[in-house]
Amino acid sequence: MKYFSTRNQNNFVSFREAVLNGLARDGGLFMPEIIPSFPKSFIENLDSFSFQEIGFETAKKFISDEIGEQKLQEIIQRSLNFPAPLVDLDEDIHILELFHGPTLAFKDFGAQFMARTMEHFVKDDNKELIIIVATSGDTGSAVAHGFYGVEGIKVYLLYPSGKVSGIQEKQLTTLDKNITALEIQGTFDDCQHLVKNAFTDNDLKNKLKLSSANSINIARLIPQSFYYINAVKQLKRNTKKIVFSVPSGNLGNITAGLIAKKMGMPIDLFIAATNSNDVFTNYLSSGNFEPRKSVQTYSNAMDVGNPSNLERMRALYDDNIERMRSEIESFSFDDEKTVIGIKEVHNNYGYIIDPHGAVGYLALKKFLTAHKPNKIDSIIIETAHPAKFKDVVENTIKAEVKIPPRLAECLNKEKHSIVLDSNFETLKDYLLNTC
Ligand SMILES: *Cc1c(COP(=O)(O)O)cnc(C)c1O
């Protein structure tokens, strides 16, 4: 399988190249040249496949020509090692819990798989791979946990000092070994700017082997389709229509769902649920893509003003918005409504949902009210554990949110970070002296 850039469909690279480069040279995102189909027998017998087997059967179609089946099995086993259970709110509405990984957010699925894949691709290189990531919180810790202890790879996380939550900072700064947290005295944009500069700086490029492991890496996208397929399996009946409501920011998660559908999964509709950063919602209704500066909300992992995976979605629909509209709807909700959503889910179903999931719930409810469909199974994707947003959630439901042991453990550890000013020369000197 070859991979093309969304900005030049004649420009193909191998999977290895796509993974190690992250972004195409022309600034586009990598996409597989074709979306393979599952054999009918696979879909009909989904019940008999474990989550890991589903992951293997899916990944195999994209990458087994480059990573042999045996190695791929090993990568799946080492990365897909936490569950994604479907929990019923009632007979028709379900929650797909994607927060059972090491950092309690769905990004663990992509980060774990990407880390094992990169580890495989660089294992014979004699030069260490240096990964630098700018993070506003969640991405960085998922990436760091993915690469933790991986030989031949060092990770530097740049995060804006004082601008991530206490819990997020603990997750970023309590890993040792090959992970270093760089606490930048600036904003998230400054961090991103520093990373971009590092990739274009000749001294750094000559001396170090740099990679970005950023959120648009194709090795993060592919594993995200596994849990959609595994969710359909868990429904255990194929008579009803199936709708997924996906809390969306950079649109990577929903893109992975669209890929699962295109591979043949019986999914009827996707709902892209957005917060006040509603650029995609507006795009779908007006046809105009108007990126703008993001605003801060309670569902902060969705605070994206220029969703990069839209390029991939447009590629999947050959840039035909009518076709996109026939398979995707989108609704947006502000913080005031988000809080109402959290409260409602707690009161009506006794389930504690996080602010991102609450936006997904509200969007689903709006869809169901507008269409009054019968015979439908709705799945709300819960992207993070409510304990990561303890303050907002507890203030809303007036009850305690229990902290899972793997989070409690890191909260008790001591913070280690290197404080740097947000000046590129400072970062450059630091990297040249320590790597
Ligand atoms: C990243 C993230 C999202 C948004 O996912 P995209 O793939 O960027 O659309 C939603 N919720 C949580 C908790 C996240 O970390």
Side-chain angles (χ1 to χ4, degrees), residues 29 84 95-114 133-146 164-165 167-168 171-172 188 213-225 227-228 244-260 270-281 283-284 291 294 297-313 328 330 332-333 338 341-342 353-363 380-390 392-393 407:
L29 279 63
I95 302 259
L96 181 62
E97 293 184 343
L98 299 184
F99 54 68
H100 294 277
T103 72
L104 295 83
F106 85 90
K107 291 194 174 68
D108 285 326
F109 285 99
Q112 292 286 329
F113 186 84
M114 174 177 65
V133 195
T135 182
S136 54
D138 281 353
T139 301
S141 50
V143 167
H145 279 78
V164 302
S165 78
I167 287 180
Q168 285 174 325
Q171 288 184 309
L172 289 168
F188 171 59
N214 53 19
S215 69
I216 46 78
N217 197 296
I218 187 72
R220 281 176 64 168
L221 190 67
I222 290 171
Q224 288 177 9
S225 61
Y227 48 72
Y228 285 92
F244 277 94
S245 181
V246 189
S248 294
N250 213 15
L251 300 169
N253 199 358
I254 195 169
T255 301
L258 295 171
I259 289 175
F270 289 88
I271 301 169
T274 59
N275 62 25
S276 295
N277 298 280
D278 55 359
V279 171
F280 178 73
T281 309
Y283 165 75
L284 203 61
S294 64
T297 73
Y298 292 149
S299 47
N300 60 15
M302 289 151 56
D303 295 349
V304 179
N306 186 0
S308 34
N309 283 290
L310 183 60
E311 285 191 36
R312 283 189 168 128
M313 294 172 71
I328 306 173
S330 183
S332 111
F333 300 89
T338 303
I342 296 174
I353 202 162
D354 97 293
H356 303 79
V359 174
Y361 164 79
L362 291 164
I380 300 162
I381 296 209
E382 173 59 316
T383 48
H385 193 288
K388 285 189 97 164
F389 306 90
K390 209 170 165 10
V392 180
V393 176
L407 180 57

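For the single chain, residues carry numbers from 1 onward in sequence order. Predicted, not measured: the structure shown is a model, and the values here were computed from it. Atoms within a ligand are numbered from 1 in the order they appear, just like the ligands themselves.
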Under 3.5 Å, side chain of Asn275 to main-chain N/O of Thr297, donor-acceptor pair present? no

By number and element, which atoms of ligand 1 are closer than 4.0 Å to a non-hydrogen atom of Ser248? 9 (O)

Between Leu98, Asn253, Thr139, flag the one that comes closest to atom 7 (O) of ligand 1 by a heavy atom. Asn253

Hey, is the main chain of Gln168 close enough, under 3.5 Å, to the side chain of Ser165 for a donor-acceptor pair? yes

What atoms of ligand 1 come closer than 4.0 angstrom to any heavy atom of Ala384? 13 (C)

closest protein heavy atom to atom 3 (C) of ligand 1 is Phe106 CE2, 3.5 Å

Is there a polar contact between ligand 1 and Leu251, counting only N or O atoms under 3.5 Å apart? yes

Is Phe99 close enough to touch ligand 1? Criterion: a residue heavy atom under 4.0 Å from a ligand atom. no

Walk me through it: do Asn309 and Arg312 pass the test side chain to side chain donor-acceptor pair (under 3.5 Å)? CA-CA 5 Å; Asn309 283 290; Arg312 283 189 168 128; 2.9 Å; yes

Side chains of His385 and Asp354, heavy atoms from C-beta outward: is any pair under 4.5 Å? no

Taking the six-membered ring for Trp, are Phe244 and Phe270 parallel (under 30°), tilted (30 to 60°) or perpendicular (over 60°)? parallel

For atom 8 (O) of ligand 1, closest protein heavy-atom neighbour: Asn250 N, 2.8 Å

Could you tell me whether Gly252 and ligand 1 have an N or O pair separated by under 3.5 Å? yes

If we ignore hydrogens and angles and just use 3.5 Å, is the side chain of His356 paired with the main-chain N or O of Ala384 as donor and acceptor? no

Which of the listed options, Gly110, Gly249, Ser141, holds the heavy atom that is closest to atom 4 (C) of ligand 1? Gly249

How does Thr383 reach ligand 1, if at all, at less than 4.0 Å between non-hydrogen atoms: by side chain, backbone, both, or neither? both

Show the atoms of ligand 1 that are less than 4.0 angstrom away from any heavy atom in Lys107. 1 (C), 2 (C), 3 (C), 14 (C), 15 (O)

Within the 4.5 Å heavy-atom criterion, are Glu311 and Ile216 side-chain neighbours or not? no

Under the 3.5 angstrom rule, does the side chain of Lys388 hit a backbone N or O of Thr103 as a donor-acceptor pair? yes

